[in-house]
Amino acid sequence: IVDREKEIQNFVPVEYWTLSANLEKPNAKPTFKANLTLKTNEKINNKEEMDTILNKINGDSFVVKNVKKSVTKSKPQAPFTTSTMQQDAGNKLNFSVKKTTSLAQTLYAGTDVKGEGKIPLVTYIRTDSTRVSEGAQIKAKEFIIKNYGENFAPKKFNFYKSSGDAQDAHEAIRPINLDRTPESLKDKIDNDLYKLYKLIYNRFLASQMSDAEYNSVVVDITCSDYNFKVSGKTPKFLGFTTVYVDKEKESDVKLPNLENGDVLNLLELLPEQKYTKPEPRYTEASIVKAMEEKGIGRP
């Protein structure tokens, strides 16, 4: 924490500029934004350098140089360990580490479920392993095929590597019974317990599902001596993302159908002045992650 604070205090912001172009293909929607790409280690340092580029571009045509289409895959993340559960609950639910740990202990030891009494809902919550028992994997596959279809269950079970110094004494955190869906418990348990249970449940279920697939396109566009790039993707097969998204969903860029040689209309050039920023101060989630990476204790 002190090292990070010293970095912040000693940090000297450095000016740099970026350039994007709002473009359209004639008689085709939608419009889109392409970003200027520079060679490695090259950057625009000040307004004078930016003005030089703008003057060179002025009046020149934007032409599609290369269109690369491919199918890309996204793999699910491993089921939770104590540390990754704390991080995700902090980032997605805004829960403190203390609150997450306390709620998880209740889910493990036994939760008051309306009409049923105390019921344990998740496996042991102090673990550094991503391992899942074979029995749990078999049940997960059966559940996925029954509720989502054959395509959503991978042909071989998904396995995940634990960190090098993991003790691996207990398997990953997972729901004890997949038939106890979060929806079936929503009005029967405390709301914060429901939120954490849903996070654990969905993360585990997704970890046992097939990869997501996307139709991806990367387009290179030239103007004068400069290269602009834009990429977009559309879902082809949702796979595990039907139940759990790793990161907050970024808005996928929608592109018109572009072909090599297309001449595009320039709607607007968007130069932007920026300054480098120091690393931010730690949040509870990010310090748990840093401690784990540096092998400092167990949260």
Side-chain angles (χ1 to χ4, degrees), residues 71-93 95 97 100-101 104 107-108 121-182 196-214 235 237-249 285-299:
V71 175
T72 56
K73 290 187 177 185
S74 174
K75 292 185 179 298
Q77 286 184 299
F80 282 138
T81 61
T82 306
S83 154
T84 54
M85 175 185 67
Q86 290 169 342
Q87 291 169 54
D88 223 38
N91 292 328
K92 288 190 171 149
L93 305 177
F95 286 177
V97 168
T100 300
T101 308
L107 289 172
Y108 165 67
L121 295 174
V122 302
T123 56
Y124 193 55
I125 48 91
R126 291 181 184 84
T127 178
D128 55 12
S129 175
T130 57
R131 176 172 52 81
V132 175
S133 70
E134 189 179 346
Q137 286 185 310
I138 291 167
K139 284 181 180 173
K141 184 172 184 176
E142 290 169 355
F143 182 89
I144 291 162
I145 290 170
K146 180 183 172 186
N147 291 277
Y148 296 91
E150 289 268 357
N151 290 346
F152 286 84
K155 289 185 171 59
K156 294 180 180 176
F157 290 134
N158 293 336
F159 290 94
Y160 301 91
K161 197 175 178 183
S162 296
S163 63
D165 58 352
Q167 292 180 350
D168 199 36
H170 303 277
E171 62 177 308
I173 303 168
R174 61 172 176 81
I176 290 171
N177 181 359
L178 283 170
D179 290 327
R180 282 197 182 273
T181 63
L196 184 60
Y197 180 70
K198 185 179 180 184
L199 200 66
I200 293 169
Y201 185 102
N202 288 353
R203 173 82 165 223
F204 170 72
L205 189 62
S207 77
Q208 304 304 304
M209 293 177 84
S210 302
D211 297 350
E213 293 183 6
Y214 301 90
F237 175 66
L238 290 172
F240 74 91
T241 62
T242 48
V243 294
Y244 182 91
V245 180
D246 295 344
K247 304 179 183 71
E248 292 308 314
K249 261 191 173 171
S286 64
I287 199 155
V288 166
K289 185 179 182 186
M291 285 169 66
E292 187 176 43
E293 285 172 351
K294 295 179 187 300
I296 304 171
R298 281 179 159 59

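What you see below is based on every heavy atom in this structure, not just the backbone, and it leaves out hydrogens, waters and symmetry mates.
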ask   = Is a donor on one side and an acceptor on the other found under 3.5 Å between the side chain of Thr242 and the backbone of Leu238?
value = no
inquiry  = Restricting to side chain to side chain donor-acceptor pair (under 3.5 Å), what partner residues turn up for Thr81, sequence neighbours left out?
reply    = Thr84
inquiry  = Please determine whether ring-ring contact (aromatic ring centres under 6.0 Å, His included) holds for the pair Phe80 and Phe204, giving the CA-CA distance in whole Å, both sets of side-chain angles, and the decisive distance to 0.1 Å.
reply    = CA-CA 7 Å; Phe80 282 138; Phe204 170 72; over 10 Å; no
Sequence neighbours left out, cut at 3.5 Å: what donor-acceptor pairs do the side chains of residues 134-152 make with other protein atoms?
unit_1, atom_1, unit_2, atom_2, d
Gln137, NE2, Asn158, O, 3.2
Asn147, ND2, Phe143, O, 2.8

message = Is any side-chain heavy atom of Thr72 closer than 4.5 Å to one of Glu213?
response = no
request  = Report yes or no: does Thr123 contribute a side-chain atom to a donor-acceptor pair with the main-chain N or O of Arg174 at less than 3.5 Å?
outcome  = yes
query = Within a strict 4.5 Å, meaning less than it, do heavy atoms of the Thr127 and Glu171 side chains meet?
reply = no
task = Kindly indicate, with the supporting measurements, whether the criterion side chain to side chain contact (heavy atoms under 4.5 Å, CB included) is fulfilled by Lys198 and Asn202.
result = CA-CA 6 Å; Lys198 185 179 180 184; Asn202 288 353; 3.6 Å; yes
key: 4.5 Å side-chain heavy-atom contact, Tyr244 and Pro76   = no
key: Side-chain (Tyr160) to main-chain (Ser207) donor-acceptor, under 3.5 angstrom   = yes
request  = Kindly indicate whether the side chain of His170, heavy atoms from C-beta on, has any atom under 4.5 Å from the side chain of Arg131.
outcome  = no
inquiry  = Just verifying a value: how many Å separate Leu178 CG and Leu205 CG, rounded to the nearest 0.5 Å?
reply    = 6.0 Å
key: Between NZ on residue Lys92 and CG on residue Leu196, distance to nearest 0.5 Å   = 12.5 Å
ask   = Does the side chain to side chain contact (heavy atoms under 4.5 Å, CB included) test come out yes or no for Tyr214 and Val71, once each step is laid out?
value = CA-CA 6 Å; Tyr214 301 90; Val71 175; over 6 Å; no
query = So do Ser83 and Asp128 actually touch side chain to side chain, heavy atoms under 4.5 Å?
reply = no
inquiry  = Counting C-beta onward and ignoring hydrogens, is there a side-chain heavy-atom pair between Thr130 and Lys161 closer than 4.5 Å?
reply    = no
